[in-house]
**Student:** 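This is the structure I want to talk about, given as structure tokens.
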Number of protein chains: 2
Amino acid sequence: MAPRVNSAAIRRLNVIRVFHALRENPNASQAELGRLTGLDKATTSAVVTQLLDDGLVERTEGPRARRIGRPETALVIAPSAGLLVGARLEPRTIRIVTTTLAGTVLEHVQIPGSTDIGTAADLLHQGIDRAVAASGEGLTVRGVGVGIPALMDREGRLVLAPNLGWRDTPIRARLEAALGAPVYIDNDTKAAAMAERLFGVCRDVEDFVYLTGHSGVGGGLFLGGRLYRGAQGFAGEVGHVTVVPDGRPCGCGKRGCLETYVSESAILAQAAERGRDLPDLAAVTAAARDGDPVVTALLDEVGERLGVALSHMVNLMNPALAVLGGNLSVAADVFLPALNRALERHALEPLRRDLRLVVSPLGPDAVPMGGIALAMEGFLSAPMPVEELLRR
Amino acid sequence: MAPRVNSAAIRRLNVIRVFHALRENPNASQAELGRLTGLDKATTSAVVTQLLDDGLVERTEGPRARRIGRPETALVIAPSAGLLVGARLEPRTIRIVTTTLAGTVLEHVQIPGSTDIGTAADLLHQGIDRAVAASGEGLTVRGVGVGIPALMDREGRLVLAPNLGWRDTPIRARLEAALGAPVYIDNDTKAAAMAERLFGVCRDVEDFVYLTGHSGVGGGLFLGGRLYRGAQGFAGEVGHVTVVPDGRPCGCGKRGCLETYVSESAILAQAAERGRDLPDLAAVTAAARDGDPVVTALLDEVGERLGVALSHMVNLMNPALAVLGGNLSVAADVFLPALNRALERHALEPLRRDLRLVVSPLGPDAVPMGGIALAMEGFLSAPMPVEELLRR
DNA sequence: TGCATTTCGTTAGACGGTCTATCAAAAAGA
DNA sequence: TCTTTTTGATAGACCGTCTAACGAAATGCA
């Protein structure tokens, strides 16, 4: 049954609007928030009063514009209002970030992971406790968001991670019970796309695709102003788009998947097959920059494969922007020419013409900050998912 | 600036909910509408009263359930409330349908088209006038929706139709001026997808992809409960997804596009190359059913190509359902086995497992009925696009 | 210094929603 | 005929936003 839409829903929506406007514009005044959100100043006043009463917002002695008229009182999202926790959970390392509700980073923690999903979850739990303790006294955790390189369903169950051997684990429920705070879990790349939208390079972009390489290759779709998850929650599996018919075998059981050519391990394996034993992607990129023809040709192929898959996305989804993140950003400048050639060959001209291609500025924190974004969205929308309200 | 959310927006939303509930359940009572929409019966009463006052809804002597308690009064969307017009505009033929606001078909008109876009628009205008006149006396046209096989931007400008030589025509503005009624224009396949959602086989499906073949091959994406148009309005161009590297040349300037293999003209051309001169797709399908090995092999290839493209869509968007419409439905049963084999080879198993594959039940009226869907959406949402209200 | 001007933020009141509670109307069943 | 049951309408509570007016606190200028 569709949720009821009543006055309370309106208020909840307007609170969220004001909150995000203030998050993106710290030290804004009430009048400015009204202009930013399009709300009447009386409404803004009511909303801000509520946020002040709830302790989510504080008045500060921010810098005052020396203007005519009554001076504004600057507002910020209260640092004391609580913590958000974001994490990236991988077999090798677990990376945890804590922030204020505004998204200001407080602590970084990085610990070794585990190839066993149960052990990894326990380690994550311990790491979060440590990070929270280091973030300050008496701060309550308002939400925990985790990105995992796996197929995650809409209820936060880990369904399958072909490369890791993980499957069928109700990890959200498990962590929520252990942590005693709301937990939001999603695929790592979807989380990173959320981070790109809230904190990164896509702040004003309604339609973009995010491509990333870690152990595999992932895709996050931000369509029509919101993260798109698909019917089961599995949307964006660009790593398993076929780019070479009957190509290299993939951990998923198919052949010729994109990630058998452009993931870090795949690139290293292909380099080794061609007589270049290199330790990591940075070394591969360096070799190409030094003019090694074999490695250069290999990265050209990587760009070409990636370009084919991106062309499919462009033709199908017509994004305004494509973001390269994760390990893809390491070698991006080397393979970008080949990628662009592939786009020219495979993407429709009117759709390609206005496409912007950028490298993610978030670096290794993209996924943990995506966890922050998930937790922030969850905290603000609770108890009702506001985005759903006005769909027919 | 984001639109304001106030009481009026809530009412508009609830009116739309009640309207659609009544459209899908003619002769429903007020109490039933309340149950269907989740609204309180007091609210339902207020909304229905407004709809009755506006003349959009009527009380009828519908069939009464012989039950205990006060008998219900049946409601229907008033046939006298106005007309919707839907059309498919193509160079060869123009097909026009008129319906009540509920979507009940009143008139069909089919007239020859024109390869000149200006002439075609004039013919459409005349045809609409004729269809409206035939639909009854004194009915005002509430909206006109048109599907065109071309790239249409979000403002209803025709940008490009590679196969037809049409480009850069402000056809929406032109028709609106000529007709004096609100006009909504979109790509024909997007319109058909809307029809599938409102009147066809996807009534309760939030995430589906629609594939169709006419002169070219088109795709419509219904994602997260709404039609997805992309940044410029060009999303869904599955016909120009590359399925064969360096394959057959396409009217778009690229090579190996899906539609160079599976559009009707492409299939006929390939059959001719292999020594089978056949007049249309029905003849091709008949030959395959009669056991012609050349034609059977050709349709197997068609299924394979289509399956590759659909696999990309499944991996990227994880739809719950894929609908085959237009000419694709003519030969569907013949190439479906090959299509399924391709899905098995190219789509991730967890995403493919729950995918349903169905043939469109709407037939040649899919696009005109899509025009009806566009017009209905436009009429109900006017003056503010309600779906946008609660996006942050 | 004194006063007009400008901008900020609050508040009262109008207005319009939904929701709860109540009630009359109209049928079936006993 | 009376009870039961369901429908649909309505009063009043409650909660939103919006308009309009007002006090507060600065600048600009005589």
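So you know, we letter chains A, B, ... as the sequences are listed, proteins then strands, and number each from 1.
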**Student:** I need the NZ-C1' distance between A:K41 and D:dG23, as an integer number of Å.
**Tutor:**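 Going from A:K41 (NZ) to D:dG23 (C1'), I get 12 Å.
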**Student:** I want to verify a distance call: between C:dT6, C:dT20, C:dG9, whose nearest atom is closest to the A:I68 side chain?
**Tutor:**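 Nucleotide nearest to A:I68's side chain: C:dT6.
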**Student:** Which residue lies toward the 5' end of DNA chain C, A:D40 or B:A46, if each is placed at its nearest nucleotide?
**Tutor:**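 Nearest nucleotide further toward 5': that of A:D40.
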**Student:** Determine the contact category for B:A31: base if any of its heavy atoms lies under 4.0 Å from a base atom, sugar-phosphate if only primed atoms, P, OP1 or OP2 are that close, otherwise nothing.
**Tutor:**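 If one applies the 4.0 Å heavy-atom cut-off, B:A31 turns out to touch the sugar-phosphate alone, with no base involved.
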**Student:** Measure the distance from CD on B:E72 to C1' on D:dT5 and round it to the nearest whole Å.
**Tutor:**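 In whole Å, D:dT5 C1' and B:E72 CD are 13 Å from each other.
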**Student:** What's the CZ-P distance between B:R12 and D:dT17, to the nearest Å?
**Tutor:**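 Rounding to the nearest Å, CZ of B:R12 and P of D:dT17 are 16 Å apart.
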**Student:** Mapping A:E32 and A:G69 onto DNA chain C by nearest heavy atom, which one lands closer to the 5' end?
**Tutor:**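 It is A:G69, whose closest nucleotide lies nearer the 5' terminus.
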**Student:** Tell me what A:S29 touches on the nucleic acid: a base, only sugar-phosphate, or nothing, going by heavy atoms under 4.0 Å.
**Tutor:**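 Sugar-phosphate only.
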**Student:** Any salt bridge linking A:D207 with B:R229? Criterion: basic side-chain nitrogen under 4.0 Å from a carboxylate oxygen.
**Tutor:**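 Salt bridge: no.
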**Student:** State whether B:K41 and B:E32 are salt-bridged, where the test is any N-O pair (Lys NZ or Arg NE/NH1/NH2 against Asp/Glu carboxylate O) under 4.0 Å.
**Tutor:**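 Salt bridge: no.
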**Student:** Might you work through the side chain to side chain contact (heavy atoms under 4.5 Å, CB included) test for B:T100 and B:I77, ending with a clear yes or no?
**Tutor:** CA-CA 8 Å; B:T100 65; B:I77 292 170; 5.7 Å; no
**Student:** Nearest to the B:S7 side chain among D:dT4, D:dT7, D:dG16, which nucleotide is it?
**Tutor:**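 Shortest atom-to-atom distance from the side chain points to D:dG16.
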**Student:** Check if the side chain of B:R70 and the base of D:dT6 share a donor-acceptor pair of N or O atoms closer than 3.5 Å.
**Tutor:**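 Checked by distance alone, the answer is no.
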**Student:** In whole angstrom, give the distance that lies between atom CZ of B:R11 and atom C1' of C:dT18.
**Tutor:**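 After rounding, the gap between these two atoms is 9 Å.
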**Student:** Give a yes/no on whether any side-chain N or O of B:S45 is located under 4.0 angstrom from OP1 or OP2 of D:dG8.
**Tutor:**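 Answer is no, no contact under 4.0 Å.
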**Student:** Would you call A:R197-A:E206 a salt bridge at under 4.0 Å N-O?
**Tutor:**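 The answer is yes: the pair qualifies as a salt bridge.
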**Student:** Rounded to whole Å, how long is the line connecting atom CG of B:L36 with atom P of D:dT7?
**Tutor:**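 Atom CG in B:L36 sits about 12 Å away from atom P in D:dT7.
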**Student:** Could you walk me through whether A:T60 and A:N27 pass the side-chain hydrogen bond (donor to acceptor under 3.5 Å, both in side chains) check?
**Tutor:** CA-CA 7 Å; A:T60 60; A:N27 291 311; 3.2 Å; yes
**Student:** Rounded to the Å, how far apart are B:N14 CG and C:dC19 P?
**Tutor:**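 So the two atoms are 8 Å apart, to the nearest Å.
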**Student:** Mind calculating the distance between CG (A:L52) and P (C:dG9) to the nearest angstrom?
**Tutor:**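 The answer, rounded to whole Å, is 11 Å.
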**Student:** In whole angstrom, give the distance that lies between atom CG of A:N6 and atom C1' of D:dC15.
**Tutor:**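 From A:N6 CG to D:dC15 C1': 9 Å.
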**Student:** Closest to the A:T43 side chain: D:dT7, C:dT20, D:dT17?
**Tutor:**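 Out of D:dT7, C:dT20, D:dT17, the nucleotide with an atom closest to A:T43's side chain is D:dT17.
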